[in-house]
Protein chains: 2
Amino acid sequence: MTTPARPRRLAHPAREEIRLEPVLHALSDAVRLRIVREMAAAETGLSCSHFVLPVTKSTSTHHFRVLREAGVIRQDYRGTAKLNALRRADLDALFPGLLDTVLTAAEAQAARHGDPARDPAAGLTATASG
Amino acid sequence: MTTPARPRRLAHPAREEIRLEPVLHALSDAVRLRIVREMAAAETGLSCSHFVLPVTKSTSTHHFRVLREAGVIRQDYRGTAKLNALRRADLDALFPGLLDTVLTAAEAQAARHGDPARDPAAGLTATASG
DNA sequence: ATGCTCGTACGATACCCATCGTAGTACGGC
DNA sequence: GCCGTACTACGATGGGTATCGTACGAGCAT
């Protein structure tokens, strides 16, 4: 009983508590934008380990937490894994069109500059290799 | 001739050099978002001193520089003053709809939470008082 | 229970950034 | 030339943050 049985439930801001500035800040990081882009493409809950990011696991946890605390994603435990999903309904209700324009802008920029993360299906996901 | 006659011209990123992440980062600060909102409402060049911000002049200079270096605004000297204007055409060309959705989201949030900067025409501008 | 995998927590570090005060430069008016 | 206004540059500072390594907790399979 070193830990008093944590609720194993993560804290999320309610819809009304989501603020624009933290959302924009969360999206202003390249790694997090990459995560969000792939999550939008998947449209289903993805485990953290699904993403192959150029950072360690510790840093990944940090980025996911920033996204969650800003209200961009929702994280739920599913057994040993953790499912991540975009909070599309909440974001669209609060800031109509914002998520879509940012995603479109990100893909347009990736196409222009030939980012490695241009195609979310290649090189970014683990593609069930493990 | 302590200084070798500076060009008195400020460095701006070219349209193709504008990146999404710095733009989002520039917009993720409350003070800068406030500046951008008023600039969008004015649609004409505004001097720095036009804005009444809750920070000192030094900090204002910093914020304007962040906006300029991100490619969000254009700054040109006009005599002793400096005119600031949104780079609407460039932003719309690169990231269609992004600026508008962010501005709309900012105003929606201001209306919801009753921000003091809700009405850009009241309390935010100097209204030619000086 | 043992071990494996997934993810977290904590500490450390280095960097960025928002803020300020002070001093200084550029331009325009007297 | 001199002064005032507008803005900048520089230095300092405190807080945030992106990063890592290591150690640990939770769940699943055997």
Side-chain angles (χ1 to χ4, degrees), chain A residues 1-12 19 21-35 45-70 73-84 125-126 128-130, chain B residues 1-12 21-35 45-70 73-84 126 128-130:
Chain A
M1 62 138 59
T2 52
T3 46
R6 298 248 190 83
R8 195 81 173 145
R9 174 76 51 102
L10 296 159
H12 294 77
R19 302 272 306 177
E21 295 89 335
V23 168
L24 292 177
H25 177 238
L27 297 174
S28 72
D29 182 274
V31 174
R32 292 194 290 263
L33 194 54
R34 191 165 150 171
I35 292 172
L46 296 176
S47 70
C48 291
S49 59
H50 182 86
F51 301 86
V52 176
L53 301 170
V55 293
T56 64
K57 271 195 300 181
S58 309
T59 309
S60 292
T61 297
H62 162 68
H63 285 309
F64 278 106
R65 171 160 40 185
V66 171
L67 287 170
R68 171 170 51 85
E69 293 181 345
I73 69 173
R74 184 171 296 278
Q75 296 190 294
D76 293 295
Y77 283 104
R78 176 175 179 110
T80 172
K82 198 167 64 174
L83 285 195
N84 304 278
T125 69
S129 64
Chain B
M1 57 146 57
T2 51
T3 46
R6 298 249 189 82
R8 194 79 173 147
R9 175 77 52 103
L10 296 159
H12 294 77
E21 295 90 336
V23 169
L24 292 177
H25 177 239
L27 297 175
S28 71
D29 182 274
V31 174
R32 292 193 290 263
L33 194 53
R34 191 165 152 170
I35 292 172
L46 295 176
S47 69
C48 291
S49 58
H50 182 86
F51 300 86
V52 176
L53 300 171
V55 293
T56 64
K57 270 196 298 182
S58 308
T59 308
S60 291
T61 298
H62 163 68
H63 284 309
F64 279 105
R65 171 160 42 184
V66 171
L67 288 169
R68 170 171 50 85
E69 292 181 345
I73 69 173
R74 185 170 295 280
Q75 296 188 294
D76 294 295
Y77 283 104
R78 175 174 180 112
T80 171
K82 197 167 64 173
L83 286 195
N84 303 278
S129 64

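None of the values given here were measured: they were computed from a predicted structure. So that the names make sense, note that chain A is the first sequence line, chain B the second, and so on, each numbered from 1.
Here B:Ile35 contributes atom CD1 and B:Arg32 contributes atom CZ; the two are 8.0 Å apart, rounded to the nearest 0.5 Å.
Applying the 4.0 Å criterion to OP1 and OP2 of D:dC7, one finds that B:Arg65 has every side-chain N and O outside that range. Using a 4.0 Å cut-off, no side-chain N or O of A:Ser58 falls inside it from OP1 or OP2 of D:dT19. Side-chain nitrogen and oxygen atoms of A:His63 include at least one within less than 4.0 Å of the OP1 or OP2 phosphate oxygen of D:dT19. The side chain of B:Ser49 contributes an N or O atom lying less than 4.0 Å from OP1 or OP2 of D:dC7.
When each of A:Arg32 and B:Ser60 is assigned the nucleotide of DNA chain D bearing its nearest heavy atom, the one mapping closer to the 5' terminus is B:Ser60.
Here the nucleotide nearest the side chain of A:Ala81, chosen from C:dT19, C:dG7, D:dA18, is C:dG7. Closest contact between the side chain of B:Thr56 and the listed nucleotides C:dA18, C:dG21, C:dT19 involves C:dG21. For B:Thr80, whose side chain is taken as the heavy atoms from C-beta onward, the closest listed nucleotide among C:dA18, D:dG21, C:dC27 is C:dC27.
If you take CG of B:Leu67 and P of C:dC17, they are 13 Å apart, rounded to a whole angstrom. Rounded to whole angstrom, the span from the CZ atom of A:Arg68 across to the P atom of C:dG7 amounts to 13 Å. Atoms CZ (A:Arg34) and C1' (D:dA18) sit 15 Å apart, rounded to a whole Å. If you measure from atom NE2 of B:His62 to atom C1' of D:dC7, you get 16 Å, rounded to the nearest angstrom. C:dA18 atom P lies 12 Å from atom CD of B:Glu69, rounded to whole Å. For the pair B:Lys57 NZ and C:dA18 P, the computed distance is 20 Å after rounding to whole Å. Whole-Å rounding puts the A:Asp76 CG to C:dC6 C1' distance at 16 Å. One can place CD of B:Glu21 at 17 Å from P of D:dT17, the figure rounded to the nearest angstrom.
What you find for B:Ser47 and B:Asn84 is that their closest heavy atoms are C-ND2, 3.7 Å.
Two residues are said to be in side-chain contact when any heavy atoms from C-beta on lie closer than 4.5 Å; B:Cys48 and B:Gln75 meet this criterion. Residues A:His63 and A:Leu67 are not in side-chain contact: their nearest non-hydrogen atoms beyond the backbone lie 4.5 Å or more apart.
Backbone-only engagement by B:Ser47 is indicated by non-hydrogen atom pairs under 4.0 Å involving sugar-phosphate atoms exclusively. Across all strands, B:Arg78 comes closer than 4.0 Å to no nucleic acid atom at all (heavy-atom distances). Nucleic acid contact for A:Phe64: none, since no nucleic acid atom lies under 4.0 Å from a heavy atom of the residue.
One side chain, B:Thr59 or B:Thr56, offers a donor N or O that lies under 3.5 Å from an acceptor on the other.
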